[in-house]
Amino acid sequence: QVQLVESGGGLVQAGGSLRLSCKASGRIFSINSMGWYRQAPGNQRELAATISNIGRTNYADSVRGRFTISRDNAKNTVYLEMNSLKPEDTAVYYCNLEALRLHYWGQGTQVTVSS
């Protein structure tokens, strides 16, 4: 089974930065992409950023220019560098792995940005 473990969330003031990490483990044969989704209270889960196995990135308009996604394929790890954080970035951030058209999810890590 695939397991995703996130870390790096916490409390930060507006304008600050955080770096999230997600380590994938288990029987993974073909990773198509990894990424980060977020869900704020009362809202649906939304895409923040993804990166494919070939390095192609995709960002939500709301985070483009402030967040940077990267990965270490050898370690099956994806990172999300979050800069210039805003209170509206407050959410639970979930790591996602796509393989063979299936999606796997981490348990989430809380990011809280104070004004």
Side-chain angles (χ1 to χ4, degrees):
Q1 297 184 8
V2 176
Q3 183 178 11
L4 303 174
V5 179
E6 304 103 329
S7 62
L11 175 64
V12 65
Q13 290 187 323
S17 299
L18 285 173
R19 189 186 192 220
L20 306 183
S21 299
C22 173
K23 178 71 167 64
S25 62
R27 298 275 72 88
I28 308 170
F29 297 99
S30 183
I31 299 174
N32 185 59
S33 68
M34 295 184 72
W36 293 92
Y37 292 68
R38 64 186 187 179
Q39 186 169 18
N43 297 112
Q44 298 183 77
R45 189 174 299 184
E46 65 178 9
L47 181 147
T50 61
I51 184 166
S52 75
N53 60 348
I54 201 168
R56 183 171 66 88
T57 58
N58 183 43
Y59 295 95
D61 290 342
S62 58
V63 310
R64 186 176 291 109
R66 299 186 298 118
F67 292 9
T68 301
I69 189 168
S70 61
R71 90 290 186 200
D72 185 335
N73 287 343
K75 297 181 178 180
N76 288 336
T77 300
V78 65
Y79 307 93
L80 187 67
E81 180 72 33
M82 304 184 293
N83 299 313
S84 302
L85 283 163
K86 305 174 181 179
E88 48 263 46
D89 295 319
T90 295
V92 177
Y93 284 71
Y94 296 91
C95 181
N96 169 264
L97 183 153
E98 183 191 358
L100 300 175
R101 296 181 176 271
L102 298 177
H103 288 262
Y104 303 88
W105 297 94
Q107 64 182 358
T109 184
Q110 177 70 48
V111 172
T112 302
V113 184
S114 62
S115 60

Using every non-hydrogen atom in the two residues, find where [X] and [Y] come nearest and quote the distance to one decimal.
| X | Y | answer |
| --- | --- | --- |
| Glu6 | Gln107 | OE1-N, 3.2 Å |
| Asn53 | Asn73 | O-ND2, 3.7 Å |
| Arg66 | Leu85 | NH1-CA, 3.9 Å |
| Ala14 | Ser115 | CB-CA, 4.4 Å |
| Arg71 | Ser52 | NE-O, 4.1 Å |
| Asn83 | Ser17 | OD1-OG, 2.8 Å |

Under the salt bridge (Lys or Arg N to Asp or Glu O under 4.0 Å) rule, collect the residues that match up with Glu46, sequence neighbours excluded.
Arg38
Using the rule that Ile, Leu, Val, Met, Phe, Trp and Tyr join whenever any side-chain heavy atoms are under 4.5 Å apart, tell me whether [X] and [Y] fall into a single cluster.
| X | Y | value |
| --- | --- | --- |
| Trp36 | Leu47 | no |
| Val63 | Tyr79 | no |
| Val92 | Phe67 | no |
| Tyr94 | Met82 | no |
| Ile31 | Tyr104 | yes |

Considering only Ile, Leu, Val, Met, Phe, Trp and Tyr, and joining two whenever side-chain heavy atoms are under 4.5 Å apart, list the other residues clustered with Leu100.
none
Value rounded to 0.5 Å, distance of [atom1] in [X] from [atom2] in [Y]:
| X | Y | atom1 | atom2 | result |
| --- | --- | --- | --- | --- |
| Leu97 | Ser33 | CG | OG | 7.0 Å |
| Ser30 | Arg101 | OG | CZ | 11.5 Å |
| Ile69 | Asn58 | CD1 | CG | 9.0 Å |
| Ile51 | Asn32 | CD1 | CG | 12.0 Å |
| Met34 | Asp72 | CE | CG | 10.5 Å |

A side-chain contact here means heavy atoms from C-beta on lying under 4.5 Å apart; do Val111 and Leu20 qualify?
yes
Any donor and acceptor pair, going by atom type alone, linking the side chain of Thr68 with main-chain N or O of Glu81 inside 3.5 Å?
no
Quick one: does any side-chain atom of Lys23 pair with a main-chain N or O of Lys75 as donor and acceptor, under 3.5 Å?
yes
With salt bridge (charged side-chain N to carboxylate O under 4.0 Å, His left out) as the test, would you mind laying out the steps for Asp89 and Lys86 before giving the verdict?
CA-CA 5 Å; Asp89 295 319; Lys86 305 174 181 179; over 6 Å; no
Got a sec: does the CG of Leu102 have more than 12 other heavy atoms crowding it under 6.0 Å?
yes
Pairwise disulfide (SG to SG under 2.5 Å) hits with a residue in residues 19-115, at least two apart
Cys22-Cys95
Decide yes or no on side chain to side chain contact (heavy atoms under 4.5 Å, CB included) for Gln110 and Thr90, but give the supporting numbers first.
CA-CA 8 Å; Gln110 177 70 48; Thr90 295; 4.0 Å; yes
Using the six-membered ring wherever Trp is involved, compare the ring planes of Trp105 and Tyr37 and label them parallel, tilted or perpendicular (cut-offs 30° and 60°).
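Perpendicular, since the angle between the ring planes exceeds 60°.
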